[in-house]
There are 2 protein chains.
Amino acid sequence: MFSQASEYALRALTELARYPAGEWVLVTQIADPLAIPVHYLAKVLQTLARRGVLESQRGRQGGFRLAKPAWDITAYDVVRELDDVRSLESCVMGEGECSDATACPLHSLWKNIRQRFVTALETTTLKDLAEFQEHRPDSVRLPAIKTRGAGADARRRRGFGPPETG
Amino acid sequence: MFSQASEYALRALTELARYPAGEWVLVTQIADPLAIPVHYLAKVLQTLARRGVLESQRGRQGGFRLAKPAWDITAYDVVRELDDVRSLESCVMGEGECSDATACPLHSLWKNIRQRFVTALETTTLKDLAEFQEHRPDSVRLPAIKTRGAGADARRRRGFGPPETG
DNA sequence: CTATAATAGGACACGTTTGTCTGCTTTACA
DNA sequence: TGTAAAGCAGACAAACGTGTCCTATTATAG
C-alpha cells in the first residue's frame with residue numbers, strides 16, 4: 001500500500017512517540033528494535049525533519065524528536081510527506097481526466113473507499129499508535145522505554161542487549 | 001494504487017470488451033484511442049495471454065481477444081495477474097507479523113477497507129466496465145466500435161484520425 | 001581547545017518498473 | 001509460393017525505490 005519509506009516512518013514515529021516528549025532520540029534507538037536499516041531510516045527521518053514533522057539536533061546529545069505533541073501529528077501527516085498522495089486521489093484506472101463529472105467506471109467505488117481510508121489516517125494520531133503498541137499483548141517485542149538517563153544507562157541501551165522485560 | 005501495467009490492462013481490456021465477442025483486435029486498435037504506448041501494451045497483453053486471460057493469434061488477421069465472455073472476467077482477474085496482490089493483504093505498517101491475533105495499530109482498519117475494495121473488484125466484470133464506458137456522457141473520447149469490416153474501414157481506423165462522432 | 005558523538009548530505013550500487021527498438025516467427029491471402 | 005501483416009521475444013535504456021557507505025558539519029563534554 002505505502003512505500004517502504006512510509007512504512008518505516010510510521011513505525012519509527014510511533015516508536016518515537018513512546019519516548020518522553022522533548023527528548024532527543026538516536027536513530028539507532030529507533031532502528032534497532034524495529035529492525036530497520038539504520039542509514040536508510042536516517043534519511044527518511046532527515047526528510048521528515050526538513051518537512052517540519054520532526055526536529056533534529058546534531059552533535060553530542062543530539063537526535064530526533066517530534067516537532068509537535070504526539071496527539072497533534074496524524075498518520076496522514078507522516079505519509080503525506082513521503083508518498084505521492086496524489087496517487088491516492090488520482091484515477092484507479094489511470095485515466096487523465098476522472099472527476100465526479102467525467103468518472104471512470106471505478107471512480108465512485110474508489111472515491112468512497114479512499115475517503116474512508118484517508119479520513120481514518122487523518123484521525124489517527126501518533127499518540128493513538130503509540131498507546132496501541134504499549135497495550136499489545138505481544139509486548140515482548142516492545143520493551144518499555146525509559147528516559148535516557150545519565151551515562152551508564154544510555155550507553156547500555158546502545159548495544160543489542162537482551163529484551164530485559166522488567 | 002495499481003501499477004502502470006495494471007492500469008493499462010484495465011483500460012485496454014475494457015476497450016477490448018467493447019468489441020464483438022470472438023473478434024481478433026489489433027494492439028494498435030486498443031492502444032491508439034487510449035493513448036497507451038503500443039509496444040508496452042503489447043507486452044502487457046502478451047503476459048495476460050500467457051496467463052489465460054486473453055487469447056492471441058499471430059499472423060495476418062491476428063490480434064488479441066478475451067479468453068472468456070466479458071461478464072466472466074473480473075477486474076480482480078486482471079489485476080491479479082500483473083500486480084503482487086499480496087501487497088494488498090500485507091500489513092499497512094510493514095510489520096512482519098500482523099495477523100488478527102498480533103495486529104498492528106492500523107490492522108483492523110486496513111483489513112476492513114481492503115476487503116471492501118477487493119470484493120468490489122471481484123464483482124466488477126469487464127462487461128460492467130465496458131457498458132459503463134458506453135454510457136458515459138463524454139462519449140467523444142469513446143467512438144462506437146463496429147465490427148472490423150472488409151478492407152477500407154479497417155484500414156482507416158489504423159491512423160490517428162479525427163473522432164468522427166457519428 | 002580538542003576529542004567525541006551525532007545528524008546532514010552526497011555518491012554510489014542494485015533491482016524493478018516502465019518504455020523503446022529491432023529482429024524473428026507465424027499466418028492469411030493473393 | 002511469395003509477401004505483407006501481425007504477435008513474440010529479447011536487448012537495451014531511463015527512471016525510480018531501496019539501501020550502503022563515506023565525508024562533512026555541528027554540538028557537547030572534558
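Owing to the predicted nature of the structure, the values given are computational and were not obtained by experimental measurement. All heavy atoms count here, side chains included; hydrogens, waters and symmetry mates do not. Sequence lines set the chain letters: A, B, ... in the order given, protein chains first and strands last, and positions in each chain run from 1.
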Where each residue is assigned the nucleotide of DNA chain D containing its nearest heavy atom, which of A:Gln57 and A:Ala5 is assigned the position nearer the 5′ end? A:Ala5

Rounded to whole Å, the CG-P distance (B:Leu48 to D:dG7) equals 14 Å

Roughly how many Å is it from CD1 in B:Ile30 to P in D:dG7, rounded to a whole number? 10 Å

Looking only at side-chain atoms of B:Arg60, point me to the closest of D:dG7, C:dT27, D:dG10. C:dT27

Rounded off to whole Å, could you give me the NZ-to-P distance for the A:Lys43 and D:dG17 pair? 13 Å

State, without any angle test, whether A:Thr125 and A:Asp128 hold a side-chain donor-acceptor pair at a distance under 3.5 Å. yes

Whole angstrom value for the distance that separates C1' of D:dG17 from CG of A:Asp84: 14 Å

Result for side-chain contact (heavy atoms from CB on, under 4.5 Å) between B:Arg11 and one of B:Leu34, B:Leu16, B:Leu41, B:Leu129 points to B:Leu34

So how far is it from A:Ile36 CD1 to A:Thr28 OG1, rounded to the nearest 0.5 Å? 12.5 Å

Among A:Leu54, A:Leu66, A:Ile30, which residue satisfies the side-chain contact (heavy atoms from CB on, under 4.5 Å) criterion with A:Val25? A:Ile30

Contact class for B:Gln4 (heavy atom, under 4.0 Å): base, sugar-phosphate, or nothing? sugar-phosphate

Return the value, rounded to whole Å, for the distance between atom CD of B:Gln29 and atom P of D:dG7. 9 Å

Indicate whether any N or O donor in one side chain lies under 3.5 Å from an N or O acceptor in the other, for B:Glu7 and B:Ser3. no

Within the distance-only criterion (no hydrogens, no angle test), does the side chain of A:Arg65 pair as donor or acceptor with the backbone N or O of A:Gly22 below 3.5 angstrom? yes

For A:Arg50 and for A:Gly59, locate the closest nucleotide of DNA chain C by heavy-atom distance; then report the residue assigned to the nucleotide nearer the 5' terminus. A:Gly59

Taking D:dA11, D:dA6, C:dT7 as options, the one with an atom nearest any side-chain atom of A:Leu26 is C:dT7

Let me know the distance between CG of A:Asp83 and C1' of D:dT18, rounded to the nearest Å. 13 Å

Think B:Tyr8 has a side-chain N or O under 4.0 angstrom from the OP1 or OP2 of C:dT18? no

Taking the side chain of A:Arg58 as its heavy atoms from C-beta onward, which of C:dT20, D:dC8, D:dT26 lies nearest to it? D:dT26

Between CZ of B:Phe64 and C1' of C:dT26 the distance, given in whole Å, is 13 Å

Looking at C:dA8, I'd like to know if its phosphate oxygens (OP1 or OP2) sit under 4.0 Å from a side-chain N or O belonging to A:Ser56. yes

D:dT25 C1' sits how many Å from A:Gln46 CD, rounded? 12 Å

Over its full length, what angle do the end axes of the helix from C:dC1-D:dG30 to C:dA30-D:dT1 make, each axis taken from five pairs and the result rounded to 10 degrees? 10°

Give me the ring orientation class for A:Phe117 and B:Trp110: parallel if the planes are under 30° apart, tilted from 30 to 60°, perpendicular past 60°. tilted

